[in-house]
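Have a look at the structure below, then the notes.
Owing to the predicted nature of the structure, the values given are computational and were not obtained by experimental measurement. We're numbering straight along the sequence, starting at 1.
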Amino acid sequence: MNIDHNFEVRLEWSGNLGEGTTNYRGYSRHNEVTAVGKHPIEGSSARVFHGNADRWNPEELLIAALSQCHMLSYLHVAVSRGIVVTAYHDEVSGTMKQTDNGGGHFTSVTLRPVVTISAGSVEDAMDAHAEASGKCFIASSVNFPVLHQPRIIVEPAAE
């Protein structure tokens, strides 16, 4: 089954401080990402690249997308395996290498999901991360390793 799905967003740069891009420090990196029917995302570049730390940067959005995609894939896999997930959170980090030409690329991202289950085995819940990783559209689209350091917590049985 090969089905194409299309997604659309709009990006608007709002960083012209009156002189456009006449010099590297003479403009703001402020931007806004919008999509029909959704709240806008206020963006900038990372602080190290003269951005605003109060706004989302593309690097954070990329690692957030990987985390969110893995979680959604994991929840799907959990249902199919009879694992009852009652809580899920993740602490994600990514490493980006800046190159001499001013570009760069991610070298890895590490997901650290903590999953609480009330049914299913710890072993199966751990193994489900590998299957979820294979089903994650975003992880399948990047050219760097997406590593996993999961932890499973078993919810105490109700008395």
Any donor-acceptor pair under 3.5 Å linking the side chain of Ser44 with the backbone of Asn52? yes
Of all heavy-atom pairs linking Arg47 and Ala53, the shortest is CD-CB, 4.1 Å
If you look at every heavy atom in Ser73 and Cys136, which pair is closest and at what distance? OG-CA, 3.5 Å
Run the numbers on Ser67 and Asp90 for side chain to side chain donor-acceptor pair (under 3.5 Å), then give the verdict. CA-CA 7 Å; Ser67 177; Asp90 196 357; 2.9 Å; yes
Any Thr34 side-chain heavy atom under 4.5 Å of Val9 side chain: no
Main chain of Ala128, side chain of Glu131: is a donor-acceptor contact present, judged purely on distance under 3.5 Å? no
Given side chains that start at C-beta, do those of His129 and Asp127 come closer than 4.5 Å, heavy atoms only? no
Of all heavy-atom pairs linking Asp124 and Arg81, the shortest is OD1-NH1, 2.5 Å
Among side-chain atoms of Glu155 and Thr86, is any donor-acceptor pair under 3.5 angstrom? yes
Whether the Arg29 and His50 side chains hold a donor-acceptor pair (N or O, under 3.5 Å, no angle test) is what I'd like checked. no
For Tyr74, does its backbone N or O pair with a side-chain atom of Tyr88 as donor and acceptor, under 3.5 Å? no
Verify same cluster id: Leu62, Phe49 (apolar side-chain graph, 4.5 Å): yes
If you group Ile, Leu, Val, Met, Phe, Trp and Tyr by side-chain heavy-atom gaps below 4.5 Å, do Leu72 and Val77 land in one group? no
Are there over 12 heavy-atom neighbours, none belonging to Glu32, within less than 6.0 Å of that residue's CD? yes
Can a donor-acceptor pair be found between the side chains of Arg55 and Ser45 at a distance below 3.5 Å? no
On a heavy-atom basis, the closest approach of Ile117 and Ala125 is CD1-CB, 4.1 Å
For a quick test of reading the model, state the closest non-hydrogen atom pair linking Ser133 to Ala139 and the distance between them. O-CB, 4.3 Å
Between Phe137 and His5, is the ring centre distance below 6.0 Å? no
Exactly one of Val146, Val142, Thr95 should register a side-chain contact (heavy atoms from CB on, under 4.5 Å) with Ser108. Which one does? Thr95
Taking the six-membered ring for Trp, are the ring centroids of His105 and Phe144 within less than 6.0 Å of each other? no
